[in-house]
Amino acid sequence: MKKQIIYSAVMLAALTSCNDDFLERTPLSEPTAETAFATYNNFKAYAWGLYETLAVPGYGETNSDNISYNSTRGSGESSWIRGTFVVPDSRSGAPWDYYSYIRRVNIMLDRIDGSGMTDAEKAHWRSVGYFFRSYRYYSLLSAYGDVPWIDHVLSDDEMDIIEGPRTPRDQVAANILADLKYAEENIKVGGDGNNTINKATVQALLSRFTLFEGTWRKYHGLQNAEQYLQECERVSRELVQSMPDVTPCYDDLFTSLSLSGVAGVILYREYSDAAGVTHAISIGGTTAQSFYNPTRDMVDSYLCYDGKPRWTSPVFISDRNMYDEFANRDHRLWLHVTPPYVVDRSGAPDAWSNKWKFTDDPADRAYIDSLAQRVGIGYGTSKERQKTLPFRQGFSGGVLGQVPHYDFFLNNQPWYKSAFGYNNWKFFATYLEQGAQRNEEVDMPIFRIEETMLNWAEAACELGHFDQAVADATINKLRPRANVAPMKVSEINSSFDPKRDLGDPAYPNDYEVSPLLWEIRRERRIELFSEGFRFDDLRRWKKCSYMMKQKLGQYVRKSDFPAGTKVTVFGDGAEGYLTFHPAPDHTWPEHYYLYPIPRNERVLNPQLTQNPGWDDGIGAE
């Protein structure tokens, strides 16, 4: 059933009742210090405006080894990878800008004690405020390390706090941890209705934060790593035990018109075209500007259905054509990267004609038959919430004749192209029609239990506690819906994956990733692909060296294309893996692990030191 998003334009001071669904209400655009805070409902209405900061998935991850942004050769690649990232002039667009948001949270927190609420109600709203403030202080800590800690609204005579130095990372992290643990103990277990901040949401953020901080500390040589990893293990286990189930269809997490009641979804953002609350995530990655190409390294990371890597599995066929490469693989590969097919367009007069048919070659439709049976990808538009093949671009009759579809050989169809032969269609939902391509209303997850399962697995491994029981409660909950054999911990040894990271001699003190940790990180990479985790994962693991490898695409033969077609392959031979950007000519700079503080912030506050290695022309780092 289609959802209806309810609007409210009642002023805060006059508000006497609230709808229970926070993400089904219009946000208050400019809460101010003059807002009245007297009743429970006053705080409830104000807090709704704080939800706008919560991130949702997208087609990004160009700052990683997962995606190559293949727009303009060389310059289209991420400035982090090209080594051209510079100190920004202002906080606009930089993580530092979250201080404006933190002030909005502090406005609410400062007014709790003076309200007419009961002690339990005050503790609940303090917990909600701590959640939102921690969410953004986590972003600041991740980006900059030491940052000023401001836990109340500053008055004119307190400007010395703003003018003061950065608070050490140890203290900021300890404050976030303390605030989230308070919220875990004091927030209403069910929150304020469906799809609101509740105990499970707080635990999900606590799990995410403590894994990040614990592994950052371990791999960047800081103290107290175990404290955070132990807390991650504890809270993740508790949350997973309270929510042990995942949705049986992975694709439902990203192509459903409603995520209400979907197993494992903790918090999500709701959309409705009728209410004018929409997005363009699906179409954003699949238009003519489809530059977000999964890399060869990403595609290689998917296991075969026997649970073994492509390098050692007897069921892996070959990567010399896409049919063989996609055979017998983790089904999430087919749901992330558009699978191969060919249709007969010989009777179609133009790119948008519906006069097409499937070819008589069994190979050309074998994958559609297979996908329809296994993961719900079928023909045409027979189901509302699913991916369908052949791929269509929001047009009822027009279809893409084949995948892979290359940007250097368009074959009279100029859209949904790829420089690598691979397209990211994780968020594509077929039900959209022309004219509504940017009015998408599929819900998007913000927190889901699968991430927490992976957090638990990783923290347990870092602490030496990962065993078959943990594997069964975490990773082996994810694999059945992808048709991948369960992880058997006893089988994972030094020869399990010959491509495992053994350390890179180009980076002093780089480390070897153990076989078990390598597999846990692999599962995380696959499950959370394109959800915005990879860059921060590489940063906390101190493995941004992965981003500096040559990004490659599909294996092709130049002879398969018409004479004169410009095909660029690695090594510039007659065949090979497609390339687009040149390989970086430098290693990852050590100081790139932390962001630079915006220049204007240091001008306004001379006591703010710059992060080491960044030259902003102001003075000592």
Side-chain angles (χ1 to χ4, degrees), residues 123 126-143 145-147 149 151 167-187 189 197-244 264 266-267 446-467 469-471 473-475 477 516-517 520-521 523-524 528 533 536-537 539-542:
R126 187 171 288 111
S127 299
V128 172
Y130 283 175
F131 170 88
F132 283 117
R133 190 171 68 188
S134 297
Y135 184 82
R136 280 313 174 199
Y137 256 119
Y138 167 29
S139 300
L140 289 164
L141 182 78
S142 167
D146 301 350
V147 291
W149 178 265
D151 59 6
T167 305
R169 182 187 192 112
D170 284 355
Q171 186 60 53
V172 176
N175 290 346
I176 296 172
L177 180 61
D179 283 355
L180 287 175
K181 292 185 74 171
Y182 175 94
E184 182 185 15
E185 293 297 323
N186 291 279
I187 199 166
V189 172
I197 305 301
N198 56 23
K199 182 175 180 178
T201 315
V202 171
Q203 289 182 315
L205 178 58
L206 183 55
S207 170
R208 181 184 295 181
F209 163 68
T210 50
L211 179 69
F212 181 94
E213 188 63 12
T215 50
W216 181 284
R217 288 172 175 274
K218 176 175 181 177
Y219 294 110
H220 290 264
L222 304 182
Q223 296 180 339
N224 298 326
E226 282 200 0
Q227 174 190 358
Y228 291 91
L229 291 171
Q230 288 168 355
E231 185 62 26
C232 178
E233 184 180 40
R234 190 275 306 172
V235 72
S236 301
R237 182 196 306 112
E238 289 185 15
L239 182 54
V240 169
Q241 288 174 345
S242 68
M243 299 181 64
I266 300 169
L267 190 72
I446 298 171
F447 289 99
R448 57 188 182 95
I449 198 64
E450 293 89 345
E451 179 204 345
T452 306
M453 290 176 172
L454 292 164
N455 295 347
W456 177 12
E458 187 177 339
C461 188
E462 293 286 6
L463 293 168
H465 301 161
F466 189 87
D467 56 17
V470 177
T474 59
I475 288 173
K477 290 285 186 120
L516 190 55
L517 184 58
I520 292 170
R521 289 181 179 181
E523 195 76 27
R524 180 181 183 87
L528 301 179
F533 290 95
D536 282 346
D537 284 347
R539 290 176 60 239
R540 65 185 175 89
W541 296 332
K542 205 172 183 182

### Task
Begin from the C-alpha positions of Glu184 and Arg234 and carry the test salt bridge (charged side-chain N to carboxylate O under 4.0 Å, His left out) through to its verdict.
CA-CA 12 Å; Glu184 182 185 15; Arg234 190 275 306 172; 2.7 Å; yes
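- The shortest distance between side-chain heavy atoms of Arg126 and Asn186 does not fall below 4.5 Å.
- Phe466 and Ala457 get closest at one heavy-atom pair: CD1-O, 3.5 Å.
- To the nearest 0.5 Å, atoms CD1 (Ile187) and CZ (Phe131) are separated by 8.0 Å.
- Taken from CZ in Arg524 to CG in Asp537, the straight-line distance is 4.0 Å, to the nearest 0.5 Å.
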### Query
Can you list the steps and then say if Val172 with Asp146 is a side-chain contact (heavy atoms from CB on, under 4.5 Å)?
CA-CA 7 Å; Val172 176; Asp146 301 350; over 6 Å; no
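- At least one cation-pi condition fails for Arg208 and Tyr138: the charged atom is not both under 6.0 angstrom from the six-membered ring centre and inside a 45 degree cone around its axis.
- One N or O on the side chain of Thr167 and one on the backbone of Trp149 form a donor-acceptor pair closer than 3.5 Å.
- Note that CG of Asn224 is 9.5 Å distant from CD of Glu226, once rounded to the nearest 0.5 Å.
- Here Arg540 does not pair with Glu462 in a salt bridge; the nearest charged N to carboxylate O distance is not below 4.0 Å.
- Atom CD1 of Ile475 sits about 9.5 Å away from atom CD of Glu458, to the nearest 0.5 Å.
- A ring-centre distance under 6.0 Å is not found for Trp216 and Tyr228.
- Considering every non-hydrogen atom in both Leu211 and Cys232, the closest pair reads CB-SG, 3.7 Å.
- Contact between Ile449 and Met243 at its shortest, heavy atoms only, is CG1-O, 3.3 Å.
- Here the closest non-hydrogen pair linking Asp536 and Phe212 is O-CE1, 3.8 Å.
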### Task
Dump the intermediate steps for side-chain hydrogen bond (donor to acceptor under 3.5 Å, both in side chains) on Thr452 and Asn455, then the final yes or no.
CA-CA 5 Å; Thr452 306; Asn455 295 347; 4.8 Å; no
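- Within a 6.0 Å radius of CD in Gln227, other residues, nucleotides and ligands contribute more than 12 heavy atoms.
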### Message
Between Tyr137 and Val147, does the side-chain contact (heavy atoms from CB on, under 4.5 Å) criterion hold? Intermediate values first, please.
### Response
CA-CA 9 Å; Tyr137 256 119; Val147 291; 4.2 Å; yes
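- Residues Leu206 and Glu231 have side chains in contact (heavy-atom distance under 4.5 Å, counting atoms from C-beta outward).
- Between Phe209 and Ala173, the closest heavy-atom pair is CZ-O, 3.7 Å.
- Within a 6.0 Å radius of CD in Gln223, no more than 12 heavy atoms belonging to other residues, nucleotides or ligands are found.
- Taking both residues in full, the closest heavy atoms of Ala204 and Leu239 are given as N-CD2, 3.7 Å, listed atom of the first, atom of the second, then distance.
- Checking side-chain atoms of Arg539 against main-chain N and O of Ser142 turns up a donor-acceptor pair under 3.5 Å.
- Listed for the Ser236 side chain is no donor-acceptor partner under 3.5 Å among the backbone atoms of Glu233.
- Between the NZ atom of Lys199 and the CD atom of Glu238 there is a distance of 7.0 Å, given to the nearest 0.5 Å.
- In this structure, Thr474 and Leu454 have side chains that are not in contact, with every pair of non-hydrogen atoms separated by 4.5 Å or more.
- Side-chain contact between Arg217 and Asp170 is present, with at least one heavy-atom pair separated by less than 4.5 Å.
- A distance of 8.0 Å separates CD in Glu451 from CD1 in Ile266, rounded to the nearest 0.5 Å.
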#### Entry: Derivation of the salt bridge (charged side-chain N to carboxylate O under 4.0 Å, His left out) call for Glu185 and Lys181
CA-CA 6 Å; Glu185 293 297 323; Lys181 292 185 74 171; over 6 Å; no
